[in-house]
Amino acid sequence: MMGSPQFFGAAEVGYFFAMMVYIACFVFRSDSVGKAATVITSVSFVSQTAAILLRWFESYQMGIGRAPLTNLYESLEFFVWCLILGYLIIEFKYKTRSFGAFVTPVAGLALGFIDLTAMRTTIEPLVPALQSNWLLAHVTMSFISYSAFGLSFAVAMMYLIMNSENRKGSAYWFWTIMGSIFVSVLAAMLIDYLNYHILQTSVAGDKRDILGSTLRSKSSGVRLFSYIVAAIFTAVVWRYGGVLKRTLAYFKISAELLDELNYKLIALGFPIFTLGGLIFGAVWADQAWGVYWSWDPKETWSLITWLAYAFYLHARFIKGWRGTKVAVVSVIAFVTVVFTYLGVNIFLSGLHSYGEMP
């Protein structure tokens, strides 16, 4: 009988496959390929939903009885679930699959992080700091907002691609560099996966091994070669980035729609993050550690993230910024989201250390 690990595994394989099919759909502009991508994504989403419910049920069978949201593995799975749910809603509402080539790589980044770090996936009792009714609301709302911010990042990148004409323009430079960094990191994680899990040439499970096959290799020669390859890739994207703009034009998405959708996603995510991520988190911190705010690295970067999105809304409403300017802010703000949740766990430590990898 299949349990939650098998359903999670099937969903992860499905999402990676869907990411490649969506990119193929975007490149070759094929409706039949796009329909296949939608089917694969939908089936994977159903499998992941079953996995989350099964994991919840299994915790009760083990006498633990808790929602599957209390460690890094479970929260990342929930983030991907929210992200894909939001994407499917957008795809069906706006009747276009072009978003898939930009959203599914964000899910791939989160799932790749899970696979590479060999984080604990077993169901374990809650540590005392997590035994609070505020936890469910804090974590759930935080990751709903993160998924909205992830979708806004993808939409903002699409806007910048569509609206940057001149290769020498600052917006064009910005999206080609940011997009190249994102793709390079994703590619480096795939190489890590082949190295650690297929070829087994290094010890999996050490969080310091992330990007250790390329950009963070112990060999200076490998590091130098990796950065040179990444720089060449960035130059190629800069030179031929106009192809992406012409491809996007095929899907007949207006710049106004992307700008408005970017705003709606942030307008949805910001109050949820404010309430669940900061306020509920502070209440929970007071119960767990006796203080509402302790400038823990996770708390500090959460505040930076909040300020970044507050600046987006301030610039849009007070300064009247639209289009390219707010799209750039949206992309930068999502970088703070990624560092708040993954970067802090890799490079820093603090009171949230229960969420680290083993």
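When each of Trp306, Phe334, Tyr309, Phe79 is tested with Phe149 by the rule ring pair (Phe, Tyr, Trp, His ring centres under 6.0 Å), just one qualifies, namely Tyr309. Of the residues Ile40, Val39, Val46, the one that meets the side-chain contact (heavy atoms from CB on, under 4.5 Å) test with Val43 is Val39. Tested against Tyr263, the residues Phe317, Phe270, Tyr159 include a single ring pair (Phe, Tyr, Trp, His ring centres under 6.0 Å) partner, Phe317.
Counting heavy atoms from C-beta outward, Asn71 and Ser75 have side chains that stay 4.5 Å or more apart. Residues Tyr146 and Phe273 form a side-chain contact, since some pair of their non-hydrogen atoms from C-beta on lies under 4.5 Å apart. Thr140 places a side-chain heavy atom less than 4.5 Å from the side chain of Phe78. At a threshold of 4.5 Å between non-hydrogen side-chain atoms, the residues Tyr15 and Leu111 count as touching. Looking only at side-chain heavy atoms (C-beta outward), Phe182 and Leu109 come within less than 4.5 Å of each other. Inter-residue side-chain proximity for Phe174 and Val331 is flagged as met; some heavy-atom pair is nearer than 4.5 Å. The shortest distance between side-chain heavy atoms of Trp321 and Tyr312 does not fall below 4.5 Å. At least one side-chain heavy atom of Arg239 sits less than 4.5 Å from a side-chain heavy atom of Arg167.
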Practice problem: May I have the step-by-step check of side chain to side chain contact (heavy atoms under 4.5 Å, CB included) for Trp175 and Val237, ending in yes or no? | Solution: CA-CA 10 Å; Trp175 81 254; Val237 172; 4.1 Å; yes

Exercise. Would you please test Phe26 and Phe251 for side chain to side chain contact (heavy atoms under 4.5 Å, CB included) and show each step?
Key: CA-CA 9 Å; Phe26 182 79; Phe251 291 95; 3.6 Å; yes

Quiz item: After noting the C-alpha distance and the side-chain angles of Ser213 and Tyr196, does the key distance pass the side chain to side chain contact (heavy atoms under 4.5 Å, CB included) rule?
Solution: CA-CA 9 Å; Ser213 303; Tyr196 303 154; 3.9 Å; yes

Quiz item: After noting the C-alpha distance and the side-chain angles of Leu224 and Ile228, does the key distance pass the side chain to side chain contact (heavy atoms under 4.5 Å, CB included) rule?
Solution: CA-CA 6 Å; Leu224 177 62; Ile228 290 174; 4.0 Å; yes

Self-check item: From CA spacing to verdict: ring-ring contact (aromatic ring centres under 6.0 Å, His included), Phe8, Tyr73
Solution: CA-CA 11 Å; Phe8 274 129; Tyr73 169 70; 5.7 Å; yes

Exercise. Kindly determine whether Trp301 and Thr336 satisfy side chain to side chain donor-acceptor pair (under 3.5 Å), including the steps that lead there.
Key: CA-CA 7 Å; Trp301 275 94; Thr336 69; over 6 Å; no

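With salt bridges taken as basic N to acidic carboxylate O contacts below 4.0 Å, one links Asp259 and Arg316. Checked for salt-bridge contact, Glu124 and Arg66 miss the test: no charged N lies under 4.0 Å from a carboxylate O.
When the side chains of ILVMFWY residues are joined at heavy-atom separations under 4.5 Å, either directly or via intervening members, Val33 and Ile253 end up in two distinct hydrophobic clusters. Follow the hydrophobic side-chain contacts under 4.5 Å out from Phe280 and you reach Trp293 in the same cluster. Taken together through direct or relayed side-chain contacts under 4.5 Å among Ile, Leu, Val, Met, Phe, Trp and Tyr, Ile161 and Val27 form part of one hydrophobic cluster. Two different hydrophobic clusters hold Phe45 and Trp56 under the rule that ILVMFWY side chains link at heavy-atom gaps under 4.5 Å. In this structure, Met62 is not a member of the same hydrophobic cluster as Ile52, with clusters built from ILVMFWY side-chain heavy atoms closer than 4.5 Å.
Under a 3.5 Å cut-off, the side chain of Ser217 and the backbone N or O of Thr214 do not form any donor-acceptor pair. Side-chain atoms of Ser42 come within 3.5 Å of backbone atoms of Thr38 as a donor-acceptor pair (strictly under, hydrogens ignored). Between the Ser47 side chain and the Phe7 main chain, a donor and an acceptor come within less than 3.5 Å of each other. Between the side chain of Lys319 and the main chain of His314, no donor-acceptor pair closer than 3.5 Å is present. A donor-acceptor pair is defined here as one N or O able to donate and one able to accept, closer than 3.5 Å; no such pair exists between the side chain of Ser330 and the backbone of Val326. A distance-only check finds a donor-acceptor pair linking the side chain of Glu299 to the backbone of Trp295 [under 3.5 Å]. At distances below 3.5 Å, at least one donor-acceptor pair connects side-chain atoms of Asp192 with backbone N or O atoms of Leu211. A donor-acceptor contact shorter than 3.5 Å is absent between the side chain of Lys252 and the backbone of Ala249. Although no hydrogens or angles enter the test, the distance criterion places a donor-acceptor pair under 3.5 Å between the side chain of Arg97 and the main chain of Gly34. Remark: the backbone N or O of Gly276 is paired with a side-chain donor or acceptor of His138 at under 3.5 angstrom.
Ser4 and Arg55 get closest at one heavy-atom pair: CB-N, 3.7 Å. Shown here for Ala308 and Val329, the closest heavy-atom pair between the two residues is O-CG1, 4.0 Å. Nearest approach of Gly100 to Pro105, heavy atoms of both residues: O-CD, 3.9 Å. Residues Ala110 and Val80 approach most closely at CB-CG2, 3.7 Å, considering heavy atoms. Heavy atoms only, all atoms of each residue included: Ala156 and Asn262 are closest at CB-ND2, 4.0 Å. Contact detail for Ile84 and Ala107: the closest heavy-atom pair is CD1-CB, 4.2 Å.
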List the atom pairs, with distances to 0.1 Å, where a side-chain N or O of residues 16-23 and a protein N or O form a donor-acceptor pair under 3.5 Å, not counting sequence neighbours.
residue: Tyr22; atom: OH; partner: Tyr87; partner atom: OH; Å: 3.2
residue: Tyr22; atom: OH; partner: Glu91; partner atom: OE1; Å: 2.8

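Residue Tyr292 places its OH atom among 12 or fewer non-hydrogen atoms of other residues, nucleotides or ligands, all under 6.0 Å distant.
Taking CG of Leu72 as the start and CD1 of Ile114 as the end, the distance is 7.5 Å to the nearest 0.5 Å. The line from CZ of Phe233 to OG1 of Thr176 is 10.5 Å long, rounded to the nearest 0.5 Å. Taking CD1 of Ile123 as the reference point, atom CD of Gln61 lies at 9.0 Å (rounded to 0.5 Å). Note: Phe143 CZ to Glu74 CD = 11.0 Å, rounded to the nearest 0.5 Å. Note that the CG atom of Leu248 and the CE atom of Met158 stand 5.0 Å from one another [nearest 0.5 Å]. Atoms CE and CG, from Met157 and Leu244 in turn, are 9.0 Å apart once rounded to the nearest 0.5 Å.
A cation-pi contact, defined as under 6.0 Å to the ring centre and within 45° of the axis, is absent between Lys245 and Tyr172.
Side-chain atoms of Thr305 and Thr340 include a donor-acceptor pair closer than 3.5 Å.
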